[in-house]
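This chain uses plain numbering: 1 for the first residue, then up along the sequence. The structure presented is a predicted model; accordingly, all values stated were derived computationally and were not measured.
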Amino acid sequence: MSSIPEGWSYGPWHDGPDPLKAPADLRDALDEIGRDVMNGSSPRSALEELLRRGTRNTQGLDDLSRRLWERRREIERRHNLDGTLRDVQRLLNEALEAERHELFPNPSDDARFREAQLDALPSGTAAAVRELANYDWQSSEGRQKYEEIRELLGRELLGSRFEGMKEALQQTTPEDVEAINEMLTDLNALLAAHAQGRPEVPELFEEFMAKHGEFFPENPQNVEELIDVLAQRAAAAQRMMNSMTPEQRAELMELSQQAFGSAQLAQQLSQLDAQLQALRPGEDWYGSEQMSGEDPLGLAEGARAMSDLAELDALAEQLAQSYPGARLEDIDLDALTRQLGDEATVDARRLSELERQLRDQGLIERAPDGSLRLSPKALRQLGQTALADVLRAARGSGERDAANAGAAGELSGSTRQWEFGDTQPWDVPRTVRNAVLRTAHTGGGGVKLDVADVEIAETEHRARAAVALLVDTSWSMVQEGRWLPMKRTALALHQLISTRYRNDALQLITFGRYAGVVELPQLIGMEGTWEQGTNAHHALLLAGRHLRRHPDAQPVVLMVTDGEPTAHLEPDGTAEFSYPPEPATLRKTIFEVDRLAKLGASLTVFRLGDDPRLNAFVDLLARRSGGRVLAPDPDGLGAAVVGDYLRTRRKL
């Protein structure tokens with residue numbers, strides 16, 4: 001087994017995104033975003049929904065938020081905040097028991113007097129501790145337990161304000177207490193100088209850290225960072241006090257005067273808290289929590305629990321991404337690791353990387369009005385996916401994938417890999433180059449052609465088609481689940497024509513109460529709205545205008561609808577709606593179909609739904625125009641429209 005070279009070490013990657021992990025699957029992410037956009041969501045909402053939902057391999061923001069709230073509830077349900085009071089009460093009982101045990105065999109009046117003193121102690125723990133401050137203990141064990149109370153209170157008070165202080169003061173000496181009081185005096189003086197805006201504060205800070213830096217493992221680099229660290233901890237300690245009952249709070253405030261046997265520590269900390277609250281009023285000084293568990297926490301552990309709860313709340317807000325300008329880069333990954341572990345941090349990094357790549361690769365862009373929208377690049381990728389899905393569906397229904405751009409026409413200048421059944425000529429230079437590259441990569445002896453090397457030269461017909469795709473955008477399309485299939489159909493047809501039949505002229509026309517010509521991004525982003533009316537008359541008028549602009553092209557009209565015409569356009573431009581349809585509406589619609597037939601247009605109606613009146617009407621349109629009616633289900637709509645277009649196109 002080979003040994004690791006000296007000076008090298010291996011461990012988990014923590015410095016930014018893992019360079020060896022699989023890249024984010026942008027195509028899958030874009031497909032999900034595109035599906036939501038076509039269902040009526042804004043691109044921003046669709047992106048946010050993807051990040052909330054997550055991907056196949058990554059937990060989303062909702063899952064991470066759920067884990068945060070579970071962690072929060074666990075803290076609240078497991079703990080309570082009377083740990084210090086319980087410890088003081090236990091030590092006090094042990095001290096009194098030891099003292100009485102020492103006094104009992106002593107027959108002197110002094111012993112009886114001392115027993116009377118102990119019997120007369122106040123019932124409250126804090127008052128009893130105060131009364132015993134000057135008591136002359138006869139039991140060494142009792143004296144030791146009482147001193148432990150003072151040391152415990154000092155450690156807890158300091159631990160609630162300074163991270164790690166309680167653990168560092170397990171064995172407290174008078175010198176330690178003196179050093180702590182000196183540090184607090186200097187700290188209060190530094191903060192007072194900062195509040196006054198004195199120019200020598202940076203020098204005072206450097207002197208303070210050089211002298212007392214051991215008390216601050218966070219290693220703040222300036223006075224502002226020092227104040228941030230102290231204020232967060234002090235605010236947590238205050239919230240802990242706020243969370244106690246009034247009786248518990250009063251007991252602890254009185255007990256704090258006995259910390260280390262002197263009221264000086266409590267006074268210094270009170271002054272420090274007042275200065276920090278004035279310097280950082282934005283911290284939560286007045287909040288409280290409901291701690292209802294059985295596990296008691298002392299002051300230091302309670303403050304740490306309050307800090308954890310505040311950190312969990314901050315993380316929940318970051319994960320919610322509900323504030324203006326929110327970005328996933330805002331998530332505090334160190335805090336997330338502390339609260340949920342490394343796995344959650346990896347998921348957050350992946351989501352952040354996915355969001356960044358969607359923006360950096362130009363799949364989502366910002367419109368002039370500041371809103372997010374899908375870029376042309378994103379629409380092309382969505383179109384490729386939609387077209388591939390449609391062609392797969394067409395093959396499944398007996399249609400062949402018409403991947404060729406032309407059968408025997410002129411070269412288009414583009415090539416593609418040969419597939420079974422292709423009849424186009426080989427592109428010999430590209431085929432030979434592919435064989436050479438493959439052989440060089442595999443290390444073979446000579447150059448041998450393989451079927452995978454063959455590329456064919458695409459050809460295209462010079463015959464053109466003028467295509468009008470009319471899509472129904474009335475509310476019933478949304479209500480019956482036909483909105484998304486309609487948009488995916490338009491996307492697939494647009495992709496096919498723009499990439500393989502570039503000479504064809506496609507126009508997208510929507511019709512509800514009114515009809516209108518739309519560009520693909522408009523149609524993809526269109527939201528379904530409650531609007532009465534299916535104005536096929538207006539849509540056919542616009543289709544005729546488009547066909548007349550291209551007199552040299554074969555006219556093709558494809559209409560997708562799920563309802564009979566219920567509106568028509570009046571001469572003044574207003575839409576007249578009526579249900580059931582007025583005779584004028586049907587007459588005007590049929591008149592426009594007859595006009596298209598005179599142009600030689602091939603009309604195909606794609607009927608969605610089984611309404612008898614609709615069936616009868618579209619059959620009439622087909623007979624008048626010499627076209628046909630297809631009745632696909634929503635999932636087969638794209639294959640039906642693209643297949644019909646290709647059937648018409650092959651006739652050219």
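Taking 4.0 Å as the cut-off between side-chain N and carboxylate O, Asp644 and Arg628 count as a salt-bridged pair. Ion pairing of Glu592 with Lys588 is absent here, as no side-chain N (NZ or NE/NH1/NH2) approaches a carboxylate O to less than 4.0 Å.
Inspection of the Arg350 and Gln59 side chains reveals no N or O donor paired with an N or O acceptor under 3.5 Å. A donor-acceptor contact under 3.5 angstrom links the side chains of Glu455 and Asn434, judged on distance only. Checking Thr337 against Thr345 by side-chain atom types alone, a donor-acceptor pair falls below 3.5 Å. Side chains of Ser476 and Asp562: a donor-acceptor N/O pair is present below 3.5 angstrom, by distance only. Side chains of Arg513 and Asn535: a donor-acceptor N/O pair is absent below 3.5 angstrom, by distance only.
Among residues two or more places apart in sequence or in another chain, the ring-ring contact (aromatic ring centres under 6.0 Å, His included) test is passed with Tyr645 by Tyr501.
Taken from CG in Leu506 to CD1 in Ile497, the straight-line distance is 4.0 Å, to the nearest 0.5 Å. Atom CZ of residue Arg482 and atom CG of residue Asp635 lie 12.0 Å apart, to the nearest 0.5 angstrom. Considering CD1 of Ile331 and CG of Leu319, their distance stands at 4.5 Å, rounded to 0.5 Å.
Put simply, the residue from Asp552, Asp504, Asn503 that forms a side-chain hydrogen bond (donor to acceptor under 3.5 Å, both in side chains) with Arg464 is Asp552. For the side-chain hydrogen bond (donor to acceptor under 3.5 Å, both in side chains) criterion with Thr585, the lone passing option out of Glu576, Glu564, His568, His537 is His568.
Residues Thr604 and Leu630 have side chains in contact (heavy-atom distance under 4.5 Å, counting atoms from C-beta outward).
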- Under the salt bridge (Lys or Arg N to Asp or Glu O under 4.0 Å) criterion, do Arg624 and Asp594 qualify, and how do the steps go? CA-CA 7 Å; Arg624 297 288 290 250; Asp594 291 343; 2.5 Å; yes

